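Below: the structure, in C-alpha cells.
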Amino acid sequence: MAPVTSAFRLEAGEEEREIRIAEGTATVGDRKVAYREIRAEGGGGLVALEVAGEILPVRVFRDSNQVSVWCAGRTFEIRRKSREVETRRTSETDHGPGLLAPMPGRIRRISIPRGERVTKGDVVLVLEAMKMEHAIRAPRDGIVTLLPHSEGDLVDAGAVLAEIS
C-alpha cells in the first residue's frame with residue numbers, strides 16, 4: 001500500500017504555508033516534522049498530536065472545503081491546495097469525500113456491513129448531525145473493507161466513516 005500524501009495551504013493570521021503530509025511526517029516549507037496521531041478511544045477522531053515528545057491537544061472543525069484546527073492556543077485554517085495534489089492514494093485505500101464525516105455527529109445506522117458489496121450511490125451509513133440525518137453514500141462500486149465505528153458512536157468532522165475497495 002502506497003503512503004497517503006496530501007497537500008494543504010495553512011493560514012494562521014497573516015502567516016501562510018504549504019504543508020505536505022505523508023503518514024507520520026509533515027513537511028512545512030523545507031522542514032520535515034515527525035508526528036504521531038492520538039485518537040479518541042475506539043479509533044475515534046483526532047484528539048492530540050505528539051511532536052518531539054510533547055503532546056499537543058487538537059480540535060478539528062470542518063466546514064465545506066475549509067478545516068479549522070485549534071492547537072497550542074492558536075487556530076489554523078486549512079484549505080486544499082488543488083484537486084490534482086489534494087490526495088494521492090492507491091485504489092485499495094481510496095475513499096471519496098462521501099465517506100468522511102462532513103461534520104461532528106453520531107452514527108445512527110449502518111446500512112451496509114463490512115465485507116458486503118456496494119454500488120455507487122448506496123447508503124453505507126447515516127450520520128446524525130445538527131438535528132438532521134445525513135446519508136453517507138458509496139462513491140463507487142466495491143466492497144466495504146473498513147467500518148471503524150459502531151451505531152451510536154460520536155465522530156469528529158473529517159473522521160473516516162468507511163472505506164471501499
Side-chain angles (χ1 to χ4, degrees), residues 1-8 10 19-26 33-51 54-71 76 78-80 83 85-165:
M1 178 173 18
V4 176
T5 303
S6 297
F8 304 92
L10 177 72
I19 306 219
R20 290 193 178 277
I21 297 179
E23 200 167 318
T25 304
V33 178
Y35 70 91
R36 181 178 67 89
E37 293 181 357
I38 300 172
R39 297 199 167 268
E41 271 188 47
L46 183 67
V47 295
L49 293 173
E50 181 179 0
V51 178
E54 184 178 354
I55 305 294
L56 303 167
V58 173
R59 297 295 175 264
V60 179
F61 306 95
R62 175 174 284 194
D63 179 30
S64 187
N65 286 336
Q66 180 174 313
V67 177
S68 297
V69 178
W70 175 88
C71 181
F76 302 90
I78 299 174
R79 291 186 183 88
R80 295 279 186 199
R83 279 284 186 220
V85 295
E86 178 178 287
T87 303
R88 295 180 189 119
R89 299 177 186 262
T90 62
S91 60
E92 295 110 44
T93 61
D94 185 19
H95 58 271
L99 294 175
L100 298 178
M103 60 189 70
R106 181 179 304 275
I107 296 176
R108 279 294 166 212
R109 182 176 67 250
I110 295 176
S111 305
I112 301 176
R114 186 171 173 251
E116 293 292 314
R117 181 161 290 287
V118 292
T119 302
K120 182 177 180 176
D122 286 351
V123 175
V124 177
L125 58 89
V126 175
L127 179 71
E128 181 184 299
M130 299 176 66
K131 298 184 181 182
M132 295 179 64
E133 288 190 348
H134 303 273
I136 306 300
R137 298 179 182 276
R140 67 181 171 290
D141 295 352
I143 296 174
V144 177
T145 57
L146 177 70
L147 279 169
H149 305 285
S150 302
E151 289 182 359
D153 285 358
L154 291 172
V155 296
D156 288 332
V160 174
L161 300 175
E163 286 186 1
I164 296 173
S165 65

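The first residue of the sequence shown is numbered 1, and numbering continues consecutively from there. Computed from a prediction, not measured in an experiment: that's the story for all the values here.
- The shortest heavy-atom contact between Tyr35 and Val51 is CB-CG2, 4.1 Å.
- Qualifying salt bridge (charged side-chain N to carboxylate O under 4.0 Å, His left out) partners for Glu151, counting only residues two or more places apart in sequence or in other chains: none.
- Contact record, Gly105 with Ala129: CA-CB, 4.2 Å, taken as the closest heavy-atom pair.
- In this structure, Leu49 CG and Arg36 CZ are separated by 9.5 Å, a value rounded to the nearest 0.5 Å.
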May I have the list of side-chain donor-acceptor pairs in residues 107-126 shorter than 3.5 Å, sequence neighbours left out?
{"unit_1": "Arg108", "atom_1": "NE", "unit_2": "Glu128", "atom_2": "OE1", "d": "2.8"}
{"unit_1": "Arg114", "atom_1": "NE", "unit_2": "Thr145", "atom_2": "O", "d": "3.1"}
{"unit_1": "Asp122", "atom_1": "OD2", "unit_2": "Thr119", "atom_2": "N", "d": "2.8"}

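- You'll find the side chain of Arg59 reaches within 4.5 Å of the side chain of Val47, heavy atoms only.
- Summarising the geometry of Ala159 relative to Val155, their closest heavy-atom pair is CB-CB, 4.1 Å, with the distance given to 0.1 Å.
- At least one side-chain heavy atom of Leu99 sits under 4.5 Å from a side-chain heavy atom of Ile136.
- Between Ile164 and Gly142 the shortest heavy-atom distance is CG2-CA, 3.7 Å.
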